[in-house]
Each structure stands twice: as C-alpha cells, then as structure tokens.
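Here the structure is a predicted model, which is why all the values come from computation and not from measurement. Chain identifiers are assigned alphabetically (A, B, ...) following the order of the sequence lines, protein sequences preceding nucleic acid strands; residue numbering begins at 1 within each chain.
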Amino acid sequence: MAIERYNPRDAEPRWQRVWAERGIFETKNDNPRPKYYVLEMFPYPSGRIHIGHGRNYVMGDVVARFKRMKGFNVLHPMGWDAFGLPAENAAIERNSHPKIWTYENIATMKEQLKLLGLSLDWSREIATCDPSYYAEQQSIFTDFFGEGLVYRKESEVNWDPIDNTVLANEQVIDGRGWRSGALVERRKLSQWFFKITAFGEELLAALDGLDRWPDKVRLMQRNWIGRSEGLMVRFALDAKTAPAGDTELEVYTTRPDTLYGASFLAIAANHPLAEKLADTKPGLADFIAECRRGGTSAEAIETQEKKGFDTGIRAEHPLVPGWYLPVYVANFILMDYGTGAIFGCPAHDQRDLDFARKYDLPVKAVVLPEGEDPETFAVGNVAYDGDGLLFHSDFMDGLSIPDAKEAIARRLEAQDLAGRPQGKRQVNFRLRDWGISRQRYWGCPIPIIHCPSCGPVPVPKADLPVVLPDDVTFDRPGNPLDRHPTWKHVNCPQCGGAATRETDTMDTFVDSSWYFARFASAPGEQPLSKGAADHWLPVDQYIGGIEHAILHLLYSRFFTRALKSVGRVSVAEPFAGLFTQGMIVHETYKDSAGKWLFPEEVEKRADGTAVRVGTDEPVTVGPPEKMSKSKRNVVPPEIVADTYGVDCARWFMLSDTPPERDSEWTEAGIEGAWRFTQRLWRLVNEAVELGGAEASGLPNQFGPEATALRRAAHKLAASVEEDFDRLRFNVAVARVHAFANQFGEAIAAVRNAGGAPSADLAFALNEAARIVTGVIGPMIPHLAEECWTILGGEGLAAEAPWPVVDRALLVEDEMTLPVQINGKKRAELTISATASEADIQEAVLALEGVTRALEGRAPRKIVVVPKRIVNVVV
RNA sequence: GCGGGCGUGGCGAAACUGGUAGACGCAAGGGACUUAAAAUCCCUCGACUUCGGUCAUGCGGGUUCGAUCCCCGCCGCCCGCACCA
C-alpha cells in the first residue's frame with residue numbers, strides 16, 4: 001500500500017475549521033479543572049504580520065496545548081493594543097481616520113494569526129480602542145483618583161517636537177524620542193501622574209519572589225527602581241560668599257563615611273542656587289547653557305569631560321569648624337536625583353577624582369585598603385571604592401565602612417544647624433512617578449472635567465465612558481480634541497457651571513497595564529470582574545520580547561498593585577512566570593543599485609552566489625538581521641502556509657535554537673522541517689499498517705524488541721513533558737527526531753522479518769504511534785489530528801490527554817557505565833542495574849581495557865558514582 | 001565608565017549544572033534505488049595518528065579521583081544603563 005503524502009494545504013484549513021466549529025478553545029470560567037493562564041504580549045495592529053512575529057505565539061501555543069493535554073483549564077486569549085501614534089500618523093498620511101486604519105489592520109492580522117493554527121479563545125478578543133474597553137479603564141482611573149494614586153502637577157516634561165507630544169523619561173532614548181527619533185526638548189506643562197513611587201519599595205522587594213522570571217529582567221527592574229540608602233547632609237554656607245537668603249546647601253550622599261575626605265561641593269546646572277547665581281556671576285550663564293547643550297546619551301556622557309564652575313561660595317564642613325569647601329556648578333550632577341547637590345570625595349569616587357585632578361583640588365584618602373600602610377597609602381588616578389577601615393577620620397578611625405556610616409549618621413542627626421538636625425537618613429529611589437498625559441487624539445480620554453470654581457473633577461461613573469468623538473481632522477498639528485468645536489464644552493458635574501473636559505489622553509502603556517485582567521472575564525461579564533480576575537491571575541506563563549523588560553512589565557506590576565489597593569482585584573503580581581523569547585532573523589538582500597530585495601526575489605546558486613530571480617544580476621547578501629518591513633527581509637505567513645504548511649513553520653521555529661536566542665529563518669531549515677513532518681506521517685502510517693489501527697489489549701509478555709520500542713516511546717513522553725515545562729522546545733524537537741530514528745529502525749526490522757508481527761510487537765508499534773502523536777500535538781497540531789484519525793483516536797487530538805507514562809518502563813534492567821582510568825574513559829561496563837558497589841569494582845578490574853591500562857599495577861582507589869561512572873585511580 | 005551575560009565541529013546546538021564532550025538537526029561527501037530527476041534509504045563527517053592511542057569546550061593557571069560546568073588572571077564578542085552621589 002502506498003502511503004499518501006501528508007498534504008497540509010488540505011489538512012490544515014480542515015482541522016482549523018473543526019476546532020473553530022466545535023469551539024474547543026473557548027474557555028469556560030466555571031470549568032472545574034485547575035486553571036492555567038498562558039499569554040503572549042498582545043500585538044499592536046500595525047499592518048501585516050510576518051513570520052518573525054509568529055515565534056512567541058507559537059511558543060505560547062505549545063504551552064497552551066500541552067497544559068490542556070495535562071488536564072488544565074487553559075486560558076489563552078488574544079487582543080489588540082490598538083491605541084497609539086502610528087494610527088494617527090497613518091490617518092494624516094492617507095487623509096483618513098485612525099479608527100478605520102486600526103480596524104482594517106486588526107481584520108488583516110487576525111486572519112494571518114488564524115493561519116498559524118493557534119489554540120486561541122477568540123471569544124474574549126479585545127481591542128483597547130473599543131469604548132467597552134476604555135470605559136472600564138476610565139472607571140479605574142477615577143478609582144485611582146479617589147484613592148490619591150493619580151495627581152496633577154506642573155512639571156518639566158520631555159517634549160517631542162515631531163510627534164508634538166510629551167514623552168516619559170523611559171520613552172527618551174539617547175536624548176531622542178523613542179518613536180520619532182527627534183531630539184527631545186524640555187517644556188513645562190500641567191500633567192497627570194500615576195503614583196508609581198508609592199509602590200517603589202514593594203515593587204523592588206517583590207522581585208525576589210518572581211523566581212520564574214529571567215534574572216536579567218529582575219536585575220534591570222531592580223536597577224530601574226534604584227533604591228539607595230543614604231544621608232541628607234546640610235552644609236552651612238559662608239555668609240560672606242553666598243547670596244542673601246541662602247544660608248545652607250543640602251546634599252544627598254550614600255558615602256557619608258568619607259566626609260573627612262571631602263574637598264568640594266558641586267550642584268547641578270539647573271539647581272535653583274545655580275540659576276539664581278547665573279544673573280550675577282559673569283560666565284556662569286554661559287557655563288549653564290553649555291551643560292544643557294551636552295547630550296544625554298551614554299556615549300555623549302562617556303566622552304564628556306568633567307567640567308565645573310567655581311561659584312565662589314564656600315561651605316563649612318559639618319564636622320570641622322573653620323574648614324571651608326568650594327561650591328562648584330558641575331556638568332556631571334543631575335538635578336532630578338537626590339537634591340541635585342553632592343559633596344565630592346575624590347579619593348573614593350572616580351568622577352570626583354577626575355574633577356579634582358582637573359581643578360587641582362585636594363585628594364585625601366580616608367578608607368585604608370587591607371594591607372596598606374596608612375603612612376604611604378595614596379590615591380593616584382584610580383579612586384579606591386573597595387572595602388577597608390576608616391583613617392584620617394577622627395572619631396570614625398578604625399571603623400568598617402558600614403560602622404562608620406552608622407556612626408556619622410548618628411552624629412549628624414544629633415548635631416544642630418539652625419534649629420534642625422544637620423543630618424537625616426533617607427532612602428532614595430531613582431524611580432519617578434509615571435506621567436500619563438498625552439496631547440493626542442487616538443488614546444483613552446482622561447475622564448476629568450476642569451471647572452473654574454471646583455478645579456479638576458472626575459467624570460461621574462454614570463457618565464462614563466467619555467467617548468472619543470469621530471468627527472475630527474488631522475490637517476493641522478496639535479491635538480484634535482482640543483480644537484473640536486463642541487466636545488470639550490460641558491457643565492461641571494459638581495456645581496453645574498460651564499467647564500471644559502480634559503483633552504489629554506492616556507499613555508498607551510496604561511491600556512496594556514491591565515488587559516491581562518480584562519481577559520479573565522468571560523464574554524458578557526463585567527470587563528474587569530473581581531471574581532474572574534482573582535480566579536485567573538496571576539498569568540502562569542507570560543511570553544514576550546525583552547524590549548518590554550522595564551516599561552510594560554513594571555507598569556503592569558504597579559497597576560495590578562494599584563487595582564488591589566482600590567479593591568478591584570486581590571492579587572498583587574500579574575505575571576508569575578515570564579519568558580522573553582528571541583527574535584527571528586533573516587539574511588538581507590540588496591540589488592546592484594543598493595535597493596532592498598524580498599527573499600522571494602533572490603535566487604541562490606550552487607556556487608554560493610546570489611542573483612535576482614530569472615536574471616544574472618548579482619545580489620549582495622547581508623548578515624541575518626531582525627525581520628523588518630524596511631529591509632524587506634520578511635517572510636509572509638501565507639507563503640509558508642501555501643508551500644509547506646504552518647506545521648512546518650511551527651516545527652522549524654521550535655527547532656535547533658534555544659527559544660531565548662535569536663533564530664535564523666532559512667530555506668534549508670524549512671525544507672528540513674518539511675522532510676521530517678512527512679517522515680513522521682509515514683512512520684505513523686507504517687506503524688498502523690503493521691500494528692493495526694486499534695489498540696489491542698495489553699499482552700502478558702513483551703519480547704526484547706517490543707520492550708525496547710516501548711521504553712523509547714515512554715521515555716520520549718516523559719522527557720518531552722519535562723522539556724515543555726522548562727520551555728526547552730529545541731531539545732523537545734531533538735528528542736522527537738531521535739525517537740523517530742529508533743521508531744524507523746523498529747519498523748524496518750519488522751518488515752525485514754516478514755509476515756505479521758507478534759502480538760506484543762503489534763501492540764508496541766500502535767502504542768508508539770499513539771505516544772508520538774500525543775507528543776507532537778502541541779507543536780504540530782494539524783499533523784497530530786491526521787495521525788490521530790488514522791489511529792482511530794477518540795474525539796480530537798487537541799482534546800486528548802497527554803500520553804500516560806509507565807514509569808516502570810523507564811527503569812533499565814541493565815546499565816552501561818563508562819569506566820575511566822585517572823579520569824580518561826578506557827572501557828565500558830554493562831552490568832545489572834542492581835549490582836552492588838563491590839560487584840561493580842570486581843567487574844571493572846576484570847575488564848580487558850582496564851587490565852591493559854593498569855599494566856599489573858594495583859589501583860589506588862576506585863570511585864563508583866551510582867548509575868553514572870566508575871573511575872579507577874592509579 | 002558601570003552592571004549583566006556569552007565564547008563547544010563548517011553552521012544551529014546538546015551534555016540530566018562536577019561524571020562517556022559534540023545527542024539531534026543543517027550543510028557537505030560517498031553509495032543504493034531509478035531510463036533520469038525528485039522523493040526515499042544506507043554510510044562518512046572535531047584534529048592528528050605508527051590504529052595502540054594522543055589532543056580537543058576562547059587563552060593561561062588552580063581545586064578535584066574526575067572540570068564545558070567551580071575558583072583566579074587574561075582575550076574576544078553581545079546586551080542593558082541612569083556619570084545615581
């Protein structure tokens with residue numbers, strides 16, 4: 001009987017229809033099975049997807065399908081992060097409306113995603129631009145407002161002159177807008193803020209409990225929150241040198257122990273004192289302007305020389321009366337950290353040292369490294385920031401750094417300056433409150449009404465949602481909501497007087513800070529239902545790109561805590577498990593004119609050169625890069641589905657490369673996946689042909705061939721289960737390959753023997769086919785359904801349980817131990833798995849390889865590691 | 001500059017985190033089948049070798065019966081950042 005080729009073009013759409021018709025991926029909240037929530041970061045509907053977008057969805061789908069097989073009630077939803085600037089830009093370009101563009105993209109991308117055969121619950125689909133979604137968000141906003149978690153302040157903001165909007169600090173990359181790339185300017189505006197700093201301590205402490213997050217991401221968040229313990233120290237200013245009214249300068253330090261090594265104070269260029277002095281000190285205004293010009297990028301700062309301007313002001317050392325330190329304005333002090341002022345201790349801080357050397361200031365060491373002589377120890381051009389004991393420090397002499405910090409804190413807390421303690425312990429955070437105001441149309445309106453007499457008043461919940469008006473134009477820069485003729489004019493909900501709506505909309509990061517909780521609600525339920533959210537959260541496995549390591553993930557952690565504090569949910573952490581997958585990369589191609597070419601326009605020749613399809617025009621092949629529309633190195637999912645089928649694409653995406661690393665998409669790779677899926681199909685068919693479609697009763701006895709095959713199949717299920725749990729898809733794929741080799745050999749052996757296989761072997765063949773069908777189900781679900789069908793499986797493969805592993809089969813009767821002489825492998829010993837150590841030692845010494853290597857010498861020692869290895873030491 | 005990570009065949013990578021280094025795949029070479037091609041199947045595939053072995057996980061040391069794994073010192077790549085007081 002000739003086996004038909006597996007035809008994905010027929011099978012894949014057919015099974016997708018069956019899954020959809022039976023609604024098997026629609027999750028019920030009252031299902032009594034234990035819950036499992038797997039979520040991939042939802043996409044922004046930017047246009048069309050390419051295969052590079054598919055990797056994280058496929059990984060999530062493997063997890064979802066696997067957990068379903070393991071008996072969980074799995075929630076695996078999908079939605080659209082649909083608000084944002086690109087829609088407005090597209091509207092401007094096409095003279096259209098952001099809504100039209102967005103919903104068209106959603107329709108396209110949804111069809112493309114469906115092509116991938118993902119087990120998604122589309123009944124819970126959401127788009128953040130849908131009024132039903134943002135209505136709830138506005139309601140949450142008013143709750144936060146009531147709880148004091150939202151406030152308004154006049155603040156200097158990052159102004160993006162191209163996008164005409166405010167950017168969060170986090171959205172400024174190298175001094176430029178993260179989307180437009182424009183050099184960011186500073187402006188003062190009245191802005192709404194979320195009080196993320198109120199949770200700083202908690203957000204930091206809870207990172208320790210996120211043990212299923214990558215360490216890298218936790219570290220990035222830890223650094224971002226930036227907690228430091230230090231001391232606020234007030235320095236008295238010498239009245240003869242300071243402007244009238246300025247009697248003191250407060251600095252923040254994490255190294256108060258080095259105070260005896262101080263040689264200057266420095267303030268930021270935009271410190272109030274510096275700004276005041278700028279009018280009177282010749283040259284200072286120019287210096288401040290120069291500091292502002294300096295770039296804020298890492299490179300710019302790295303190469304920037306430390307510069308200062310001596311204000312002429314002198315500050316008295318808090319511990320040594322009569323010791324005066326110069327006060328500089330310096331370009332390396334930041335106003336928004338601490339107090340915008342420091343004391344410099346050159347011996348123990350590299351930046352201070354560079355500064356001191358430039359301006360010829362004293363460098364006095366006060367921490368002595370172990371083993372150094374206090375008489376001779378000196379700091380050259382490298383500051384000493386290591387451990388040691390204090391010296392040249394009066395009452396702190398001989399103390400360790402922590403003890404010295406404690407001693408000086410006590411001393412300055414007790415010491416009085418102008419009626420207040422001169423020092424105060426303080427914990428500082430780098431984290432700053434989250435500015436959410438955006439002067440844009442395509443976002444969630446902030447539900448506030450500004451009343452001339454009552455001030456800002458939240459829109460009453462009964463009046464929500466505040467819906468975006470459709471009749472807006474984008475023919476002029478600025479915010480269309482602001483210039484809309486009627487929308488913003490309303491009456492104050494409190495006093496009834498004429499008032500105006502807030503015309504700012506929310507940062508789109510707000511939309512994505514609670515969508516995972518929204519998915520918990522079944523269709524028809526309240527958008528954010530406490531019961532449903534408490535049932536489903538936290539997300540058991542969240543999957544997305546590393547680029548969201550800080551912003552989205554930190555905001556979501558904050559938002560969930562804030563929701564908890566207003567009683568909307570009971571959980572604090574949204575994501576119990578996080579996985580950051582690598583990108584899919586692809587070679588780039590350029591024609592002779594330097595124009596980017598799509599992969600399908602390029603033909604590779606046997607000699608390694610590349611030409612344009614159907615011509616002799618040479619093509620330059622570039623290194624693999626992230627798939628991007630602009631470089632045209634993209635592969636559309638439709639083409640892959642039409643030529644090889646999506647199971648091939650899925651298999652290839654999971655193969656070879658560990659999921660957290662970047663993976664290269666190649667034609668050879670997808671062809672390999674094609675060959676293997678066909679091979680699997682043949683193997684299962686052959687097994688059915690030889691072993692029968694129906695599972696027969698368990699035979700009483702199994703011969704060695706049947707046992708070996710059963711053992712391999714059960715081992716496969718056991719190890720792939722482990723691999724899936726650890727998201728090691730590449731290893732799972734390798735194991736399926738290895739099993740297929742063994743399966744193929746077993747089948748060939750049966751064929752070569754001729755005649756019908758014995759009952760035990762027939763059983764083993766059928767069982768192996770069933771197990772491998774189960775194991776591949778999460779990865780290549782369409783092929784699994786086809787295999788399931790010819791195996792006469794009950795219902796759908798997608799609903800079948802994970803293969804039951806017979807643990808007894810995993811235990812070998814015999815083991816083969818490598819035998820080493822002095823750590824080098826010299827022989828192998830096959831012996832009963834229950835052999836004692838003495839038996840093993842005896843057997844080892846009898847081995848030919850061992851006697852030859854020993855050359856008559858007696859072994860000094862024999863190390864037997866149970867079930868692992870034997871090492872004979874000579 | 002600070003912080004973190006990674007270096008294993010021609011390539012992607014495994015190695016149960018101290019126990020046979022290179023599973024599995026890709027590419028390559030050889031063979032079988034075929035009128036031919038495709039498909040499929042089989043073999044070879046780290047280096048050297050006197051065929052006994054020897055050397056090999058970036059380089060140099062160390063700990064250990066035994067090191068890709070732990071420690072110290074270099075070299076080279078990659079990522080993050082906020083000169084954070």
Side-chain angles (χ1 to χ4, degrees), chain A residues 5 169-170 173-174 214-217 219-220 222-224 226-228 230-231 233 251-256 258 266 268 296-304 306 330-334 336-345 348-352 354-355 385 428-431 546-547 549-550 652 655-658 661-664 666-673 675-676 678-679 682 719 722 728 730-741 744 748 816-828 852-853 859-874:
Chain A
R5 262 197 182 187
N169 284 322
E170 297 87 335
I173 293 156
D174 294 349
D215 289 341
K216 185 190 168 89
V217 173
L219 181 75
M220 282 165 80
R222 204 167 278 134
N223 291 340
W224 192 263
R227 183 183 193 274
S228 66
L231 197 66
V233 182
V251 309
Y252 176 72
T253 177
T254 54
R255 291 297 304 272
T258 63
T296 51
S297 73
E299 290 100 311
I301 281 159
E302 225 168 279
T303 51
Q304 177 185 312
K306 308 225 171 347
N331 64 353
F332 63 99
I333 311 300
L334 305 176
D336 46 16
Y337 188 82
T339 60
I342 63 145
F343 81 79
C345 174
H348 304 294
D349 183 291
Q350 191 60 47
R351 292 157 303 161
D352 297 349
D354 294 344
F355 190 80
D385 57 6
N428 256 5
F429 289 91
R430 177 207 171 259
L431 184 69
I546 186 79
E547 66 272 18
I550 297 172
F652 176 45
S655 302
D656 293 340
T657 306
R661 285 190 217 167
D662 289 351
S663 158
E664 189 182 352
T666 62
E667 202 59 28
I670 189 79
E671 278 168 13
R675 282 196 299 270
F676 186 69
Q678 292 295 340
R679 184 164 164 233
R682 273 197 313 276
S719 40
E722 215 170 283
R728 290 153 40 98
N730 58 321
V731 182
V733 164
R735 289 196 212 276
V736 176
H737 270 286
F739 174 75
N741 291 341
T816 299
L817 295 176
V819 177
Q820 299 180 325
I821 309 287
N822 290 340
K824 301 254 182 221
K825 189 191 163 198
R826 282 295 126 91
E828 273 184 357
R852 190 171 58 220
R860 267 203 291 152
K861 189 171 156 190
I862 301 177
V863 181
V864 177
V865 183
K867 312 250 172 208
R868 281 282 157 80
I869 204 166
V870 180
N871 192 11
V872 180
V873 188
V874 182

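- Remark: P of B:C84 and CZ of A:Arg255 are 13 Å apart, rounded to the nearest angstrom.
- Here OH of A:Tyr252 is found 3.0 Å from OG of A:Ser228. Values are rounded to the nearest 0.5 Å.
- Within 4.0 Å (heavy atoms only), A:Ile333 reaches at least one base atom of the nucleic acid.
- If you measure from atom CD1 of A:Ile550 to atom C1' of B:G4, you get 12 Å, rounded to the nearest angstrom.
- Nucleotides B:U49 and B:G30 are separated by 23 Å at their C1' atoms, to the nearest Å.
- With rounding to whole Å, A:Ile821 atom CD1 is found 14 Å from B:U20 atom C1'.
- Following rounding to the nearest Å, A:His348 (NE2) and B:C2 (P) show an atom-to-atom distance of 17 Å.
- Closest to the A:Trp224 side chain, of the nucleotides B:C81, B:G25, B:C84, is B:C81.
- Rounded to the nearest Å, the gap between the C1' atom of B:U8 and that of B:U68 is 7 Å.
- At a threshold of 4.0 angstrom between heavy atoms, the contacts of A:Leu334 include nucleobase atoms, whether or not backbone atoms are also involved.
- Glycosidic conformation of B:G46: anti, with the torsion beyond 90° of 0.
- Side-chain N/O atoms of A:Arg868 include none lying less than 4.0 angstrom from OP1 or OP2 on B:G18.
- A:Gln350 comes within 4.0 angstrom of no nucleic acid atom, judged by non-hydrogen atoms across all strands.
- In this structure, the separation between CG on A:Leu231 and CG on A:Asn428 is 11.0 Å, given to the nearest 0.5 Å.
- Remark: the separation of the C1' atoms in B:G73 and B:C24 is 37 Å, to the nearest Å.
- Rounded to the nearest Å, the gap between the P atom of B:G9 and that of B:C84 is 38 Å.
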Using a cutoff of under 3.5 Å, can you pull out all pairs of nitrogen or oxygen atoms linking the protein to nucleotides 39-50 of chain B, with atom names and distances?
unit_1: B:U40; atom_1: O3'; unit_2: A:Arg682; atom_2: NH2; d: 3.4

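- Between B:C79 and B:C26, the distance separating the two P atoms is 30 Å to the nearest Å.
- Proximity note for A:Pro818 (side chain, C-beta onward) versus B:C16, B:U20, B:C24: the nearest is B:U20.
- For the pair A:Arg351 CZ and B:C2 P, the computed distance is 11 Å after rounding to whole Å.
- The separation of B:G19 from B:U44, taken at their C1' atoms, amounts to 30 Å, rounded to a whole angstrom.
- Rounded to whole Å, atom C1' of B:C2 lies 12 Å from atom CG of A:Leu219.
- Judged by closest nucleotide on RNA chain B, A:Ala738 is the one of A:Ala738 and A:Met220 placed further toward the 5' end.
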Between protein and nucleotides 60-71 of chain B, what N or O pairs are separated by less than 3.5 Å?
unit_1: B:C65; atom_1: O2'; unit_2: A:Asn871; atom_2: ND2; d: 3.1
unit_1: B:C65; atom_1: O2; unit_2: A:Asn871; atom_2: ND2; d: 2.5

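- Distance, A:Arg735 CZ to B:C16 P: 11 Å, rounded to whole Å.
- If you check every strand for non-hydrogen atoms under 4.0 Å, A:Ser228 touches sugar and phosphate atoms only.
- At the heavy-atom level, A:Asn741 lies under 4.0 Å from the strands shown only through sugar-phosphate atoms.
- Between the P atom of B:C81 and the CZ atom of A:Arg430 lies a distance of 10 Å, rounded to the nearest Å.
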Check nucleotides 12-14 of chain B against the protein and report each pair of N or O atoms closer than 3.5 Å, with its distance, or say if there are none.
unit_1: B:G12; atom_1: O2'; unit_2: A:Thr657; atom_2: OG1; d: 2.7
unit_1: B:G12; atom_1: N2; unit_2: A:Asp656; atom_2: OD1; d: 2.8
unit_1: B:A13; atom_1: OP1; unit_2: A:Arg661; atom_2: NH1; d: 3.3
unit_1: B:A14; atom_1: OP1; unit_2: A:Asn730; atom_2: ND2; d: 3.2

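- Residue A:Arg860 is classed as having no contact, given no heavy-atom separation below 4.0 Å to the nucleic acid.
- In terms of position along RNA chain B, the nucleotide closest to A:Lys825 lies nearer the 5' end than the nucleotide closest to the other residue of the pair A:Lys825 and A:Ala673.
- The side chain of A:Ala668 approaches B:A27 more closely than any other nucleotide in the set B:C83, B:C79, B:A27.
- Here the side chains of A:Val870 and A:Val864 are in contact, with some heavy-atom distance below 4.5 Å.
- Between the P atoms of B:G76 and B:C65, the separation comes to 35 Å (whole Å).
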If you write RNA chain B from 5' to 3' in dot-bracket form, with Watson-Crick or G-U pairs under 3.5 Å, [ ] for crossing pairs and | for pairs with another strand, what do you get? (((((((..(((......[....))).(((((.......))))).(((....)))..(((((..]....))))))))))))....
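- The side chain to side chain donor-acceptor pair (under 3.5 Å) check on A:Asn822 picks up nothing, with sequence neighbours excluded.
- For the C1' atoms, the distance linking B:G7 with B:C59 amounts to 11 Å, nearest Å.
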Under-3.5 Å N/O pairs linking protein and nucleotides 52-59 of chain B:
unit_1: B:G53; atom_1: OP1; unit_2: A:Arg852; atom_2: NH2; d: 3.2
unit_1: B:U54; atom_1: OP1; unit_2: A:Arg826; atom_2: NH2; d: 3.3
unit_1: B:U54; atom_1: OP2; unit_2: A:Arg826; atom_2: NH2; d: 2.9

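- Here B:G62 is in the anti range [glycosidic angle more than 90° from 0].
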